[in-house]
Amino acid sequence: MTGPLTPRLREMRWWDIDTVLELEKDLFPEDAWSRGMFWSELAHSRGPEATRRYVVAEVGDRVVGYAGLAASGDLADVQTIAVARDHQGTGLGSRLLTDLLRAATTFECDEVMLECRVDNVSAQKLYERFGFEPIGFRRGYYQPGNVDALVMRLTTESAAGSTPEQGTEIND
């Protein structure tokens, strides 16, 4: 049974965008997504041809987190995960990531990729706990701050033994 303070996860819908944008701007003031970016992602999240999974976490009527994943072929990419400051460290990030990884399985993806700010150590630790491994960097990925991204990958057992894609910067 879910307690009153346990966030409930549900599919993100268009009417959540304004609330999500408020949280986005609070957490990522320099490189926040625009309204159009969320609209574009949600446009691909429903129906038999869906290639996206976006969820929000709610406590009562308040959105306290959200996450999104895009799938293409056998590759999924974690697009975003965000948790309100007063819910960080509660396990909500793990719940959101678990939901996205289930979606990647549903989409039949063998690999899940993500980019994480090099200065976001807590997020990197979360991803490592789930088995993601660092494979390279994207220099100046986060703009306008020109912050590098750490690229991480999770490979499912069905993809074990496969070789990295040509052109991927690997750091052992």
Side-chain angles (χ1 to χ4, degrees), residues 1-29 31-117 120 122-132 141-142 149 151-159:
M1 183 172 195
T2 302
L5 298 178
T6 301
R8 177 180 71 97
L9 301 187
R10 66 166 176 79
E11 179 183 12
M12 185 188 294
R13 299 299 305 271
W14 66 266
W15 52 81
D16 295 311
I17 291 176
D18 286 341
T19 307
V20 166
L21 277 174
E22 288 177 27
L23 190 52
E24 175 83 4
K25 290 174 183 173
D26 177 53
L27 296 171
F28 311 113
D31 50 11
W33 280 25
S34 68
R35 180 180 323 281
M37 292 170 77
F38 280 106
W39 270 104
S40 178
E41 289 297 296
L42 291 182
H44 299 282
S45 68
R46 295 183 61 88
E49 302 298 318
T51 58
R52 307 289 192 273
R53 168 73 174 162
Y54 277 79
V55 295
V56 293
E58 290 181 314
V59 173
D61 291 335
R62 180 178 170 227
V63 172
V64 295
Y66 57 90
L69 175 117
S72 179
D74 62 356
L75 178 66
D77 192 79
V78 173
Q79 300 291 300
T80 187
I81 294 183
V83 175
R85 294 179 197 284
D86 62 337
H87 280 76
Q88 292 177 1
T90 65
L92 180 54
S94 292
R95 288 183 60 209
L96 290 165
L97 183 56
T98 297
D99 185 275
L100 297 184
L101 295 178
R102 284 186 186 128
T105 299
T106 301
F107 287 130
E108 300 180 351
C109 296
D110 294 329
E111 291 185 323
V112 181
M113 305 283 290
L114 60 83
E115 291 86 16
C116 180
R117 287 177 66 108
N120 192 345
S122 61
Q124 292 170 33
K125 288 180 180 180
L126 168 68
Y127 301 136
E128 287 170 354
R129 284 196 308 269
F130 276 78
F132 282 85
Y141 183 79
Y142 292 99
V151 180
M152 302 182 83
R153 176 177 60 202
L154 175 66
T155 305
T156 64
E157 290 179 6
S158 64

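As the structure is a prediction and not an experimental result, all values here were calculated from the model.
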- line: Those residues at least two apart in sequence (or on a different chain) that pass salt bridge (Lys or Arg N to Asp or Glu O under 4.0 Å) with Asp77 are none

message: Please enumerate all residues that pass salt bridge (Lys or Arg N to Asp or Glu O under 4.0 Å) together with Arg129, with sequence neighbours excluded.
response: none

query: Is any side-chain heavy atom of Arg52 closer than 4.5 Å to a side-chain heavy atom of Leu42?
result: no

query: With sequence neighbours left out, what residues match Gln88 under side chain to side chain contact (heavy atoms under 4.5 Å, CB included)?
result: Leu27, Val83, Arg85

task: Using the test side chain to side chain contact (heavy atoms under 4.5 Å, CB included), find all partners of Asp31 that sit at least two apart in sequence or belong to another chain.
output: Phe28, Arg117, Tyr142

query: Does Met37 offer a backbone N or O that forms a donor-acceptor pair with the side chain of Ser40 under 3.5 Å?
result: no

- prompt: Who passes side chain to side chain contact (heavy atoms under 4.5 Å, CB included) against Phe132, sequence neighbours left out?
  reply: Leu97, Leu101, Val112, Leu114, Tyr127, Phe130, Met152, Leu154

- line: To the nearest 0.5 Å, atom CG of Leu100 lies from atom SG of Cys109 at 11.5 Å

field: Residues which pass side chain to side chain contact (heavy atoms under 4.5 Å, CB included) with Thr90, listed by chain and number, not counting sequence neighbours
entry: His87, Leu92

message: Tell me which pairs pass side-chain hydrogen bond (donor to acceptor under 3.5 Å, both in side chains) where either residue lies in residues 91-100, with sequence neighbours left out.
response: Arg53-Asp99

- prompt: Tyr54 vs Phe38 aromatic rings, parallel, tilted or perpendicular, using cut-offs 30° and 60°?
  reply: perpendicular

Please list, one pair per line, the donor and acceptor atoms closer than 3.5 Å that link side chains of residues 61-76 to other protein atoms, with sequence neighbours excluded.
{"from": "Arg62", "atom 1": "NH1", "to": "Asp86", "atom 2": "OD2", "distance (Å)": "2.9"}
{"from": "Arg62", "atom 1": "NH2", "to": "Asp86", "atom 2": "OD1", "distance (Å)": "2.9"}
{"from": "Arg62", "atom 1": "NH2", "to": "Asp86", "atom 2": "OD2", "distance (Å)": "3.3"}
{"from": "Tyr66", "atom 1": "OH", "to": "Glu24", "atom 2": "OE1", "distance (Å)": "2.2"}

- request: List in chain and number order the residues that pass side-chain hydrogen bond (donor to acceptor under 3.5 Å, both in side chains) with Arg102, two or more places apart in sequence or in another chain; answer none if no residue qualifies.
  value: none

message: Arg46: which residues meet the salt bridge (Lys or Arg N to Asp or Glu O under 4.0 Å) condition with it, sequence neighbours left out?
response: Glu11

field: For Ser122, all residues meeting side-chain hydrogen bond (donor to acceptor under 3.5 Å, both in side chains), sequence neighbours excluded
entry: Asn120

query: Can you name the nearest heavy-atom pair linking Pro7 to Ala57, along with the distance?
result: CB-CB, 4.0 Å

